[in-house]
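In what follows, a structure is listed as structure tokens, so that the remarks can point back to it.
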Amino acid sequence: MSARANRVTEAYLAECATPMSGLRGALAELDVSETMRAAWPRLLPRPVMVDETEFRAFGRDLVTIFDLVTSLPQRCFDGDFDRFRAALGIDVRRGAWMRRLLGDGPPPLYGRADTYYDGASFKLLEFNIGSALGGLDMVGPLPKAYLRIPAFAEFAAEHGLGYLDMSGDLAAALRNAGKAIGAGEPVVAVLEGPGGMATYGDQRRAIGELLAAQGIDCRVGEISDLTFRSGKPYLHGTAIDVILRYYGLEEMLAHPDGDALMEPVFRAHENGTAVVWTPTNVFGNKGTLAMLSEFAEDASAFSAQERAVIERVLPWSRMLGRRGPEADERFIAECMQRREQLVFKPTGLSGGEGVLIGREVDARTWREALAASTQTGSLVQEIVQPNVETVIEPGTGARSEWFALWAAFMTPTGLCGGGVRAVPPGGSTVITMINNTQVRNTCLFTC
């Protein structure tokens, strides 16, 4: 972190080291709704500080990366979407679903960039563009809850702390989406996949609560709860104007009724009776970043300024399965030699599924994954060492260290919020809420 962020963090830790400190026990003092508490039961004992100037500069780079990713079909595939999706390892059926709602232009800027801070700058690991974004519901509410604690409010005032709150930006974006179909004040549906509310209901209700606080009439349910009248979707009897999609492509493709559930939603979007705010996740495919990294060497694809942004924020990344059998075998041999410095990621999966850290697996497992991926679509990426955040444990006063994965949330206005997921050293460094129960979440304060 910057010198300023480090100074503020050390001041916070020094205060927490005092047994009677009001900051040490701040986590227990948080006044949040029951919905919020249920959505985020595992929180880090303190927020994380970030230099606002540095974070906003990274946000501007992310806007450039978004523009480059969404222009890849035109820049590098002569506008041929089928060539683009095939190069990403996306089959015809998946590609057709991804294309169905996209139209002729790029999707709206909406996403979460997952990044590490390597000690000098932010490095982009994944850019979840247009996908089901987890964590956005704590971006604003959690800092507000901290600031209601007198000891924290005093510390924040002394050190000039602030925060980014994406709630208003997201609400404005959804209202603008509704205007496209003539909805003055749109009714928004946060939709999970079939059966999804049983697992993620708390998180989806928290998003509904966040939007309701912005004056949005928001309903929460599953895509299978929708009914249609004259092509208009209804959720629990209420007409829906805008859908904030939390059902995933892969789960809908695997569902026996996936086509029947998706088709009326497709038609509603195409006919203008509703708007699916997150129309496609094709540009969130991990392979797009590998394409940027690879094509950054081609001056005909990107300008010098654009290549500088790519080189500044992207670790070296390459896809498997694009070179042909002989070239792939040579590339696999190179990846075997560099196993300790690389991470393996399936391009179409999420939540850390299938991710392998080269130094955390044996050579046989690593080679088998590389060989299989030439048919299924995967990438290898240089490992970025995450920064360590120190925490004072509230009960004991002991210091503990946590690896931090930073989230930067983007809407059409640009960078609008952030958060951190953290995991203690010693286990897997794949930081995901799905398969690692040691992961803790927290919010960001700018300084």
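With ring centers used as reference points, F283 lies under 6.0 Å from F84. A distance below 6.0 Å separates the ring centres of Y12 and F155.
The two atoms that bring A408 and L62 nearest to each other are CB-CD1, 3.8 Å, heavy atoms only. Minimum interatomic distance between R4 and C447 (heavy atoms only, all atoms of both residues): NE-C, 3.2 Å. Between P315 and E382 the shortest heavy-atom distance is CB-O, 3.8 Å. Looking at every heavy atom in both residues, L88 comes nearest to T288 through CD2-N, 3.6 Å. Between L13 and R399, the shortest heavy-atom distance links the atoms CD1-NH2, 4.1 Å. The two residues C76 and F295 make their nearest non-hydrogen contact at SG-CD1, 3.6 Å.
Note that CG of L289 is 11.0 Å distant from CE of M319, once rounded to the nearest 0.5 Å. Here OG of S224 is found 6.0 Å from CG of L261. Values are rounded to the nearest 0.5 Å. Atom CG of residue L415 and atom CG of residue D61 lie 11.0 Å apart, to the nearest 0.5 angstrom. To the nearest 0.5 Å, the span separating OG1 on T278 from CG on L191 amounts to 9.5 Å. From D241, atom CG reaches atom NZ of K179 across 13.5 Å, with rounding to the nearest 0.5 Å. Distance check: L210 CG to D165 CG gives 7.0 Å after rounding to the nearest 0.5 Å.
Proximity of a side-chain donor or acceptor of D91 to a complementary backbone N or O of R94 within less than 3.5 Å is detected. Remark: the backbone N or O of G358 is paired with a side-chain donor or acceptor of R339 at under 3.5 angstrom. Side-chain atoms of K123 never come within 3.5 Å of backbone atoms of Y117 as a donor-acceptor pair (strictly under, hydrogens ignored). A donor-acceptor pair under 3.5 Å links the side-chain atoms of Q203 to the main chain of A39, judged by distance alone. Side-chain atoms of D31 never come within 3.5 Å of backbone atoms of A145 as a donor-acceptor pair (strictly under, hydrogens ignored). Within the 3.5 Å criterion, the main-chain N or O of L133 finds no donor-acceptor partner in the side chain of R112. In terms of modelled atom types and a separation under 3.5 Å, the side chain of H159 and the main chain of V8 share no donor-acceptor contact. For E306 (side chain) and T64 (main-chain N/O), no donor-acceptor pair under 3.5 Å exists by modelled atom type. In this structure, the side chain of S71 does not engage the main chain of Q74 through any donor-acceptor pair within 3.5 Å. Remark: side-chain polar atoms of R42 are paired, donor with acceptor, to backbone N or O of V439 under 3.5 angstrom.
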Subject >> Derivation and outcome, side-chain contact (heavy atoms from CB on, under 4.5 Å), residues Q381 and K345 >> reply: CA-CA 8 Å; Q381 187 177 74; K345 300 178 180 182; 2.9 Å; yes
**OP:** Could you please spell out the steps behind the side-chain contact (heavy atoms from CB on, under 4.5 Å) verdict for Q214 and L211?
**Re:** CA-CA 5 Å; Q214 295 294 320; L211 291 173; 5.5 Å; no
**OP:** For salt bridge (Lys or Arg N to Asp or Glu O under 4.0 Å), just list the numbers for R148 and E29, CA-CA rounded to whole Å, side-chain angles, deciding distance to a tenth of an Å, and then say yes or no.
**Re:** CA-CA 9 Å; R148 289 193 289 268; E29 298 294 321; over 6 Å; no
Subject >> Chi angles and distances behind the side-chain contact (heavy atoms from CB on, under 4.5 Å) call for N387, W406 >> reply: CA-CA 10 Å; N387 73 297; W406 298 67; 3.0 Å; yes
Subject >> Verdict with supporting geometry, I223 and R245, side-chain contact (heavy atoms from CB on, under 4.5 Å) >> reply: CA-CA 9 Å; I223 189 173; R245 178 179 60 82; over 6 Å; no
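Ring-plane geometry between F266 and W97 is classed as perpendicular, the angle between the planes exceeding 60 degrees on a 0 to 90 degree scale with a lower cut at 30. Taking the six-membered ring for Trp and thresholds of 30 and 60 degrees, F344 and W366 have ring planes more than 60 degrees apart, a perpendicular arrangement. The aromatic rings of F152 and Y146 sit tilted, their planes meeting at an angle between 30° and 60°.
Residues Y200 and I207 fail the side-chain proximity criterion, which asks for heavy atoms closer than 4.5 Å. Residues T442 and R440 fail the side-chain proximity criterion, which asks for heavy atoms closer than 4.5 Å. Within the 4.5 Å cutoff, no side-chain heavy atoms of I392 are placed close to those of R46. Proximity of W277 to Y110: side-chain heavy atoms (C-beta onward) are separated by under 4.5 Å at one or more points. With contacts defined as side-chain heavy-atom distances shorter than 4.5 Å, the pair V265/Y247 qualifies. Side-chain contact check for L342 versus C335: some heavy-atom pair is nearer than 4.5 Å. Inter-residue side-chain proximity for M291 and S317 is flagged as unmet; no heavy-atom pair is nearer than 4.5 Å. No side-chain heavy atom of R100 sits under 4.5 Å from any side-chain heavy atom of H269.
The salt bridge (charged side-chain N to carboxylate O under 4.0 Å, His left out) test with R204 singles out one residue from E222, E209, E192, and that residue is E192. Just one of R56, M49, E54, E52 meets the side-chain contact (heavy atoms from CB on, under 4.5 Å) condition when paired with T446; it is E52. Applying side chain to side chain donor-acceptor pair (under 3.5 Å) to W40 and the options D202, T35, D137 leaves one that passes, D137.
In this structure, D114 pairs ionically with R421, as a charged nitrogen and a carboxylate oxygen lie closer than 4.0 Å.
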